[in-house]
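Shown next, in structure tokens, is the structure this report addresses.
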Amino acid sequence: MDQDLPVFRVTNMEAVVANSLAQRRLSTSLLGIFASIALVLGTVGLYGVMSYAVAQRTREIGIRMAIGAVQLNVRYE
């Protein structure tokens, strides 16, 4: 080796490995964030649909309970 040659980009092995994994780490993080957002949106949507369905049947459920329906019949019919 020639001692007069300049040395470029002197780094340790940890930095080399970190730089090689940076793109994968970013992709994985973004995928996790978007998956979490999708899960929250799905949960809120399901809650909204169930809330709407119950709100539509509130009067019917009250009438059934008033005439003496069994709790099992009120839930599943």
Return a table of donor-acceptor pairs under 3.5 angstrom between the side chains of residues 21-41 and protein atoms on other chains or two or more places apart.
{"residue": "Ser27", "atom": "OG", "partner": "Gln23", "partner atom": "O", "Å": "3.1"}
{"residue": "Thr28", "atom": "OG1", "partner": "Arg24", "partner atom": "O", "Å": "2.8"}
{"residue": "Ser29", "atom": "OG", "partner": "Arg25", "partner atom": "O", "Å": "2.9"}
{"residue": "Ser36", "atom": "OG", "partner": "Gly32", "partner atom": "O", "Å": "2.9"}

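Among residues two or more places apart in sequence or in another chain, the side-chain contact (heavy atoms from CB on, under 4.5 Å) test is passed with Asn19 by none. Partners of Ala69 under the side-chain contact (heavy atoms from CB on, under 4.5 Å) rule, at least two apart in sequence or in another chain, are Arg64, Val74.
Through direct or indirect side-chain contacts shorter than 4.5 Å among Ile, Leu, Val, Met, Phe, Trp and Tyr, Val7 is connected to Val10.
Looking at Ile61, Ile67, Ile63 one by one, the single match for side-chain contact (heavy atoms from CB on, under 4.5 Å) with Met65 turns out to be Ile61.
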